Amino acid sequence: MKVKREYLASDIAVQLGGKLVGEDRSVHGIATLLDAGDSDLSFLSNSRYANQLSSTSAGVVLVSPIDLPAVPGTAICVADPYLSYAKVSRLFSRQAEFKPGVHPSVVCGERAVIAADAQVCAGVVMGSDVQIGSGVYIGPNTVIGDRCTIATDTRIAAQVTLYTDIKIGKRCVIHSGAVIGADGFGFAREGASWRKIEQLGGVRVGDDVEIGANTTIDRGALSDTSIESGVKLDNQIQIAHNVIVGEGTAIAGGAAIAGSTQIGKGCTIAGMSG
């Protein structure tokens with residue numbers, strides 16, 4: 001069932017540091033200019049679509065100063081409408097209600113430590129010496145290997161797999177099906193066959209990282225694979241062993257990063273890149 005939320009446009013304007021222009025109105029949701037109703041908030045982030053303002057039914061529109069004169073009704077004037085839309089979207093998040101506690105079906109290894117205000121859902125299995133921080137959410141049927149650490153306010157969805165020796169930072173989001181810490185692809189030739197190289201490193205994930213559904217991040221061969229703070233990874237990305245992804249980099253779906261690659265800070269990598 002959709003949770004009903006209601007906010008005043010004036011309160012939203014204060015949160016955004018914007019200026020309310022026109023009548024104060026109640027906002028119940030967010031929609032595009034074409035689809036919005038009179039209780040919805042919409043936004044114009046590209047002036048090429050300014051012609052849609054004349055026909056929109058949106059109750060409130062986020063706009064930049066240059067497009068403000070074209071808004072027929074209530075507006076919130078902000079410097080960056082798209083960034084402001086991103087901030088407002090959090091008010092209408094559809095995440096399940098957070099309910100601290102450990103489900104009776106959870107299996108914990110020796111010396112596992114779970115913060116009192118964490119939520120661990122049904123079917124979760126965790127190994128020995130695991131540490132789950134304050135405000136962490138672990139979704140159903142997730143598997144967490146030995147010696148993993150998950151820091152404050154991180155959210156891990158259903159059916160995620162963390163192998164051994166994985167360190168996840170604060171406020172991260174890891175979506176369903178992600179696998180972190182599987183063996184890197186390391187083999188040495190031995191005649192006509194291959195000799196496996198044991199992967200002895202781990203994976204370190206910084207703070208405020210998002211990892212998409214079915215994305216895989218391999219453990220390091222000797223040192224750790226590193227995903228630095230603020231990195232955003234889309235769905236179905238392959239990151240091989242000993243890769244370093246620099247702070248604030250964003251990588252779109254289907255990309256594959258070869259072993260020992262070093263990606264700098266603030267990079268943008270398009271989908272299906274190799």
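When reading the values below, keep in mind they use all heavy atoms of this one structure, side chains included, and skip hydrogens, waters and symmetry mates. Bear in mind the structure is a predicted one, so any value in this text is a computation, not a measurement. All residue numbers refer to positions in the sequence shown, counting from 1.
- Two residues are said to be in side-chain contact when any heavy atoms from C-beta on lie closer than 4.5 Å; Q199 and H241 meet this criterion.
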For this session: Check step by step if side chain to side chain contact (heavy atoms under 4.5 Å, CB included) holds for I180 and I211.
Result: CA-CA 10 Å; I180 302 177; I211 298 172; 3.7 Å; yes

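- In this structure, C77 and S64 approach most closely via the heavy-atom pair SG-C, 4.0 Å.
- There is a path of hydrophobic side-chain contacts, each under 4.5 Å, that joins I269 to V209.
- Shown here is K170, whose NZ atom has no more than 12 heavy atoms of other residues, nucleotides or ligands within 6.0 Å.
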Problem set entry | Working for side chain to side chain contact (heavy atoms under 4.5 Å, CB included), residues L162 and I150 | CA-CA 10 Å; L162 305 184; I150 302 170; 3.9 Å; yes

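- A donor-acceptor pair under 3.5 Å links the side-chain atoms of K232 to the main chain of D208, judged by distance alone.
- Shown here are the salt bridge (Lys or Arg N to Asp or Glu O under 4.0 Å) partners of D234, two or more places apart in sequence or in another chain: there are none.
- Between the side chains of E6 and S26, at least one donor N or O sits under 3.5 Å from an acceptor N or O.
- Side-chain contacts under 4.5 Å among hydrophobic residues (ILVMFWY), followed directly or transitively, place V78 together with Y7, I12, L16, L20, V27, I30, L41, F43, V60, L62, I76, Y82, Y85, V88, L91, F92.
- With rounding to the nearest 0.5 Å, the separation of CD in Q52 from OG in S54 is 9.0 Å.
- Considering every non-hydrogen atom in both G259 and A240, the closest pair reads N-CB, 3.4 Å.
- Counting all heavy atoms, side chain and backbone alike, I244 lies closest to E228 at CG2-OE2, 3.7 Å.
- Shown here for G139 and C121, the closest heavy-atom pair between the two residues is C-CB, 3.9 Å.
- Closest of all the heavy-atom pairs between S105 and G123 is OG-N, 2.9 Å.
- Put simply, the side chain of N235 never gets that close to the backbone of N214: no donor and acceptor are under 3.5 Å apart.
- Distance alone, capped at 3.5 Å, is enough to place a donor-acceptor pair between the T261 side chain and the A258 backbone.
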For this session: Quick one: do L233 and I217 satisfy side chain to side chain contact (heavy atoms under 4.5 Å, CB included)? Show the steps, please.
Result: CA-CA 10 Å; L233 302 177; I217 303 173; 4.0 Å; yes

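- A continuous path of hydrophobic side-chain contacts links V243 to I168 [ILVMFWY only; heavy atoms under 4.5 Å].
- Taking CD1 of I263 as the reference point, atom OG1 of T268 lies at 11.0 Å (rounded to 0.5 Å).
- Distance alone, capped at 3.5 Å, places no donor-acceptor pair between the T216 side chain and the I239 backbone.
- A distance-only check finds a donor-acceptor pair linking the side chain of D224 to the backbone of G202 [under 3.5 Å].
- A 4.5 Å side-chain heavy-atom check between V21 and L68 finds at least one atom pair inside the cut-off.
- In this structure a side-chain-to-backbone donor-acceptor pair under 3.5 Å is present from T154 to G169.
- Side-chain atoms of T215 come within 3.5 Å of backbone N or O of I237 as a donor-acceptor pair.
- Sorted by first and then second residue, the pairs that involve residues 115-144 and meet salt bridge (charged side-chain N to carboxylate O under 4.0 Å, His left out), not counting sequence neighbours, are R111-D129.
- The shortest distance between side-chain heavy atoms of C108 and V130 does not fall below 4.5 Å.
- Remark: the Q119 side chain and the H103 side chain contain no N/O donor-acceptor pair separated by less than 3.5 Å.
- A distance-only check finds no donor-acceptor pair linking the side chain of R219 to the backbone of I166 [under 3.5 Å].
- If you take OG1 on T225 and CD1 on I257, they are separated by 12.0 Å, rounding to the nearest 0.5 Å.
- Using a distance-only test at 3.5 Å, with no hydrogens or angles considered, no donor-acceptor pair links the side chain of Q238 to the main chain of A256.
- In the hydrophobic clustering of ILVMFWY residues, with side-chain heavy atoms under 4.5 Å counting as a link, V136 and I114 come out together.
- Classification of K196 and D183 as a salt-bridged pair holds, one side-chain N sitting under 4.0 Å from a carboxylate O.
- Counting only heavy atoms from C-beta outward, the side chains of V120 and M126 approach each other to under 4.5 Å.
- Counting non-hydrogen atoms of neighbouring residues, nucleotides and ligands closer than 6.0 angstrom, the CD1 atom of I66 reaches no more than 12 such neighbours.
- Side-chain contact check for V231 versus V205: every heavy-atom pair is 4.5 Å or farther apart.
- To the nearest 0.5 Å, atom NZ of residue K167 and atom CD of residue Q131 are 9.0 Å apart.
- Hydrophobic clustering places V102 together with I156 (ILVMFWY residues linked when any side-chain heavy atoms are closer than 4.5 Å, directly or through intermediates).
- Among residues two or more places apart in sequence or in another chain, the side chain to side chain donor-acceptor pair (under 3.5 Å) test is passed with S10 by D24.
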Problem set entry | Pair L33-L44, side chain to side chain contact (heavy atoms under 4.5 Å, CB included): steps then yes or no | CA-CA 8 Å; L33 288 169; L44 177 68; 4.0 Å; yes

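- Other residues, nucleotides and ligands place more than 12 heavy atoms under 6.0 Å from the CZ atom of R189.
- Taking CZ from R204 and OG from S229, the interatomic distance works out to 10.5 Å, rounded to the nearest 0.5 Å.
- Under the 3.5 Å distance criterion, the side-chain polar atoms of T32 are matched with a main-chain donor or acceptor of D35.
- Qualifying salt bridge (Lys or Arg N to Asp or Glu O under 4.0 Å) partners for K265, counting only residues two or more places apart in sequence or in other chains: none.
- Applying the salt bridge (charged side-chain N to carboxylate O under 4.0 Å, His left out) test to residues at least two apart or on different chains, the pairs with a partner in residues 131-156 are R147-D165.
- For the pair G271 and A252, the tightest heavy-atom approach, listed with the atom from each and the gap, is N-CB, 3.3 Å.
- Expressed to the nearest 0.5 Å, how far CG of N242 lies from CD of Q262 amounts to 10.0 Å.
- Under a hydrophobic-cluster definition in which Ile, Leu, Val, Met, Phe, Trp and Tyr are linked whenever side-chain heavy atoms come within less than 4.5 Å, directly or via other members, I138 and V160 are assigned to the same cluster.
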